Amino acid sequence: MRQSKLFVPTLKETPADATVASHVLLLRAGYLRPLAAGIYSYLPLFQRVIRKVERIIREEMAAIGAQEFFLPALHPAEIWKESGRWEVMGDNMFRLKDRGGRDMCLGMTHEEIFTAIARDELRSYRQLPQVWYQIQTKFRDEARPKSGVLRVRQFTMKDAYSFDLDQPGLDKSFEDERRAYCRIFERCGLSYVAVDAHSGAMGGSASTEFMVRTDAGEDDVVHCASCGYAANVERGESRGPSSAAKGGVAGPTKAFPTPGVKTIEDLARPPHGKPPEQQLKTLVYWADGALVIAVVRGDDELNEAKLQTASGAQVLRPAHPEEIQAALGARPGSLGAVGVRAGEQEKIRRIFVDRTLAGLSGMVTGANEDGFHLEGVDVARDLAQGTLADLRKARAGERCPRCEAGALDVYKALEVGHIFKLGTKYSEALGAQVLDAQGKEIPIVMGSYGIGVERIAAAAVELHHDADGIRWPASIAPFHLSLLPLQQQDAAVAQAAEKLYEDLGAAGIEALLDDRDERPGVKFKDADLVGLPFRIAIGKKSLAEGKVEWKARGDAQAELVPLAEIVSKAKQALGKAGAFSIVG
RNA sequence: CGGGGAGUGGCUCAGCCUGGUAGAGCACUUGGUUCGGGACCAAGGGGUCGCAGGUUCAAAUCCUGUCUCCCCGACCA
């Protein structure tokens with residue numbers, strides 16, 4: 001491609017409202033332009049990157065026998081109502097009505113649609129397993145789009161679905177997919193970690209997320225360097241707080257006045273002086289229409305995902321102050337679970353107590369009367385109606401739940417892929433069944449596997465860039481190398497560049513020929529910004545000696561290479577860098 | 001949804017407090033000189049100051065409302 005014909009609107013200055021590296025650089029280097037919050041136009045360079053990522057994905061999907069579909073983005077409400085997710089998805093779903101007033105939505109994911117096809121078409125166990133996928137635009141009305149293309153409202157996803165007869169079949173499909181994901185991320189130049197994850201609104205029994213470590217990410221990963229244990233903090237466990245709980249003196253519970261005390265910190269200060277480790281934090285949640293209580297230690301944070309798992313709730317949110325007041329008779333700040341009855345007929349459905357609290361006594365908690373707290377609380381005695389569960393958020397420095405030695409590290413990461421063992425949740429909801437070998441009708445066992453295409457590209461930029469611009473992995477760079485005639489007006493230079501451009505093309509190398517009549521400095525700057533993995537510069541001085549300059553994007557020094565050898569050198573370097581497709 | 005910030009030429013921003021006919025740098029056009037790390041000189045083109053009301057002789061500037069964007073949080077396969 002000739003740069004004079006390619007639309008690459010580079011920016012000298014950093015756009016004011018971009019903060020993360022990938023956002024800044026993709027805008028500056030002429031890959032992206034915003035249309036609205038979380039909605040971007042992909043300019044020619046970005047489109048090429050996306051195509052390359054998709055190609056790698058297609059190759060790896062083909063390698064595990066997956067078949068590509070293309071499904072509608074516009075869905076009728078009925079199918080989402082069948083699975084129950086018309087409600088579950090809430091405000092995150094873009095909804096609209098057609099001219100006849102029928103409810104429609106834009107697809108956020110495609111379990112329902114693929115499952116409907118399976119239901120309508122799959123009849124026999126002989127047709128299984130099937131692995132179906134598509135690469136489609138997804139729509140999610142994110143509450144807060146941010147960080148350029150990292151969190152958006154319209155994006156491209158590869159989503160695959162497996163249909164198996166039984167659990168062992170699903171296990172195999174899941175493992176195939178997991179390995180394909182590893183190859184995809186490796187080929188795209190991403191270092192990543194596969195972690196245990198929370199399944200959230202997807203449901204299902206197990207899920208693994210693929211995370212790229214970067215401060216631009218929005219998830220926290222709990223990781224043990226000793227044994228490799230890794231989990232999303234939503235799921236992450238630990239052997240408990242590093243500071244021991246400070247139980248007070250055992251004895252009967254006793255109320256004491258605490259006027260004005262609203263927080264754990266208030267109660268820790270004089271005149272009360274109850275350290276957070278000795279306090280019980282009581283939180284009330286609304287879970288599928290009922291209220292539940294979660295109790296964690298005063299210095300711990302409740303992990304909502306864990307509460308969701310423990311309670312089995314589909315929809316979970318903090319209860320409103322009015323709801324809390326009506327149920328417990330006090331406002332947040334003076335809440336406690338002691339003496340609260342739980343059950344189907346009660347105002348509180350269930351009480352969950354973090355398992356690290358088991359056996360503690362002499363604790364302090366709210367008295368369910370504004371301005372009063374209780375001391376001398378014995379968890380086993382006074383919270384016996386509660387269910388012990390892992391509820392607390394694991395923290396850095398705590399001991400690894402899996403190995404004896406390790407201490408946990410917590411870091412920011414970006415989710416680039418997520419694979420789920422769905423089981424029969426969707427096949428049962430939508431009635432997707434087949435006859436097994438005994439002629440019995442059984443629900444299909446499903447898995448679902450997603451990859452964010454733009455996120456792969458953006459993650460690559462987050463991981464590979466410097467002060468001058470992007471440093472694309474060769475496999476997904478929009479072109480293989482920049483070809484820079486430094487003096488476009490010099491006939492010898494221009495001709496040599498043209499000849500080399502043709503030779504490179506004939507060798508299967510994608511060169512971006514900067515044939516613009518620009519000064520060398522401009523070409524160097526733009527080339528660094530755009531970030532192709534290699535650069536060939538043709539200057540008149542070295543050309544007179546029959547040489548051109550070769551440089552990898554990250555190298556400090558260029559190397560002079562005889563013109564006759566440059567094509568084979570380029571081919572070799574690109575091959576080594578993984579620029580060429582396996583099947584290509 | 002809560003908190004904070006910002007909307008002035010394509011981009012980055014000044015002007016607003018203290019109202020008086022809209023500016024700079026970059027980018028763009030033309031001519032000239034340049035030509036190995038975002039050149040220089042000269043001459044140009046381009047802006048309903050987000051939008052709608054209001055106050056005033058007069059509003060980018062003051063007031064009210066509203067929209068949009070960004071950041072933090074809540075939320076989120």
Side-chain angles (χ1 to χ4, degrees), chain A residues 9-20 23-24 27-30 33-39 83 85 88-93 107-112 138-148 150-153 155 157-161 197-204 207-210 218-219 232 234 304-305 308 315-318 320 415-422 425-426 447-452 455 467-469 484-490 493 514 516-529 535 537-543 548-549 551 556 558:
Chain A
T10 56
L11 266 24
K12 265 190 197 176
E13 287 172 288
T14 301
D17 46 17
T19 49
V20 303
H23 190 198
V24 169
L27 288 172
R28 275 196 65 206
R33 285 297 181 263
L35 179 63
I39 305 177
S83 71
R85 293 206 293 181
V88 172
M89 291 308 192
D91 290 339
N92 251 22
M93 180 180 261
M108 354 186 9
T109 173
H110 283 73
E111 278 77 13
E112 281 78 358
K138 308 285 181 185
F139 299 88
R140 292 183 190 180
D141 195 0
E142 286 284 346
R144 183 148 102 79
K146 58 181 284 199
S147 305
L150 291 182
R151 175 140 155 204
V152 288
R153 297 195 291 174
F155 60 100
M157 173 179 276
K158 186 287 305 183
D159 49 323
Y161 304 84
H198 177 66
S199 299
M202 295 294 300
S207 85
T208 297
E209 277 175 328
F210 293 84
E218 313 194 81
D219 286 289
N232 191 308
E234 291 178 341
E304 288 189 14
Q308 184 170 22
V315 180
L316 186 75
R317 63 161 170 81
H320 300 144
E415 176 188 356
V416 289
H418 199 161
I419 60 180
F420 300 85
K421 287 186 181 175
L422 295 177
K425 170 175 168 150
Y426 295 90
S448 146
Y449 316 91
I451 277 189
R455 276 194 180 178
D468 294 318
L484 308 182
L486 297 178
Q487 298 85 16
Q488 187 67 33
Q489 334 70 18
D490 184 286
V493 169
D514 193 348
R516 298 174 301 166
D517 187 13
E518 290 286 357
R519 301 161 58 84
V522 173
K523 295 190 178 186
F524 286 137
K525 287 289 186 191
D526 271 351
D528 286 347
L529 191 55
R535 179 184 92 187
I538 306 177
K540 55 185 173 188
K541 273 187 208 153
S542 47
L543 183 64
V548 294
E549 241 174 57
K551 185 169 106 57

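Predicted model, so just to flag it, every value in this text is computed and none were measured. Throughout, a chain's letter reflects where its sequence line sits, starting with A, and its residues are numbered from 1.
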Look at all strands and tell whether [X] reaches a base, only sugar-phosphate, or nothing, counting heavy atoms closer than 4.0 Å.
| X | result |
| --- | --- |
| A:Glu549 | base |
| A:Ala37 | sugar-phosphate |
| A:Asp91 | nothing |
| A:Arg455 | nothing |
| A:Glu304 | sugar-phosphate |
| A:Asp526 | base |
| A:Arg317 | nothing |
| A:Gly450 | nothing |
| A:Ser542 | base |
| A:Pro15 | sugar-phosphate |
| A:Arg33 | nothing |

Measure from the side chain of [X], starting at C-beta and using heavy atoms only, and say which of [options] lies closest.
| X | options | answer |
| --- | --- | --- |
| A:Gln489 | B:rC35, B:rA39, B:rG37 | B:rC35 |
| A:Arg144 | B:rC72, B:rC76, B:rG37 | B:rC72 |
| A:Asn92 | B:rC76, B:rG36, B:rA74 | B:rC76 |

NZ/NE/NH1/NH2 to OD/OE distance under 4.0 Å, A:Lys425 and A:Glu111 |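 Between A:Glu111 and A:Lys425 there is no salt bridge, as every charged N stays at least 4.0 Å from the carboxylate O atoms.
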Who is the Watson-Crick or G-U wobble partner of [N], with both distances under 3.5 Å?
| N | value |
| --- | --- |
| B:rG2 | B:rC72 |
| B:rU66 | B:rG50 |
| B:rA14 | none |

Considering only the P atoms, how many Å lie between B:rG45 and B:rU30, rounded to the nearest integer?
->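 To the nearest whole Å, 15 Å.
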Considering only the C1' atoms, how many Å lie between B:rA74 and B:rU61, rounded to the nearest integer?
->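 36 Å, rounded to whole Å.
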Could you walk me through whether A:Arg455 and A:Phe155 pass the side chain to side chain contact (heavy atoms under 4.5 Å, CB included) test, one step at a time?
-> CA-CA 9 Å; A:Arg455 276 194 180 178; A:Phe155 60 100; over 6 Å; no
Taking it one step at a time, do A:Lys540 and A:Leu486 satisfy side chain to side chain contact (heavy atoms under 4.5 Å, CB included)?
-> CA-CA 8 Å; A:Lys540 55 185 173 188; A:Leu486 297 178; over 6 Å; no
Partner set under salt bridge (Lys or Arg N to Asp or Glu O under 4.0 Å) for A:Asp528, not counting sequence neighbours |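 Checked A:Asp528 against salt bridge (Lys or Arg N to Asp or Glu O under 4.0 Å); zero matches.
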How long is the line joining [atom1] of [X] and [atom2] of [N], in whole Å?
| X | N | atom1 | atom2 | answer |
| --- | --- | --- | --- | --- |
| A:Phe139 | B:rC76 | CZ | P | 22 Å |
| A:Leu150 | B:rC76 | CG | C1' | 15 Å |
| A:Asp490 | B:rU34 | CG | P | 16 Å |
| A:Gln488 | B:rA39 | CD | P | 17 Å |

[N], OP1 or OP2 - any side-chain N/O from [X] closer than 4.0 Å?
| X | N | result |
| --- | --- | --- |
| A:Lys12 | B:rA27 | yes |
| A:Arg519 | B:rA39 | yes |
| A:Lys146 | B:rC76 | no |

Exercise: do A:Lys146 and A:His23 side chains pair donor with acceptor under 3.5 Å =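 There is no such pair (donor and acceptor under 3.5 Å, judged by atom type) between the side chains of A:Lys146 and A:His23.
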Please test A:Arg85 against A:Thr109 for side chain to side chain contact (heavy atoms under 4.5 Å, CB included), starting from the C-alpha separation and ending with a verdict.
-> CA-CA 11 Å; A:Arg85 293 206 293 181; A:Thr109 173; 3.5 Å; yes
5′-ward residue of the pair A:Thr10/A:Gly38 relative to RNA chain B =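 Comparing both residues, the 5'-ward one is A:Thr10.
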Let me know, please, whether A:Glu415 or A:Lys541 comes out on the 5' side of the other along RNA chain B by nearest nucleotide.
->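 By nearest-heavy-atom nucleotide position, the 5'-most residue is A:Lys541.
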Is A:Glu13 side chain donor-acceptor paired with the B:rG25 base, going by distance under 3.5 Å alone?
->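 A donor-acceptor contact between them is present.
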Pairwise N/O distances under 3.5 Å, protein to nucleotides 4-6 of chain B:
none

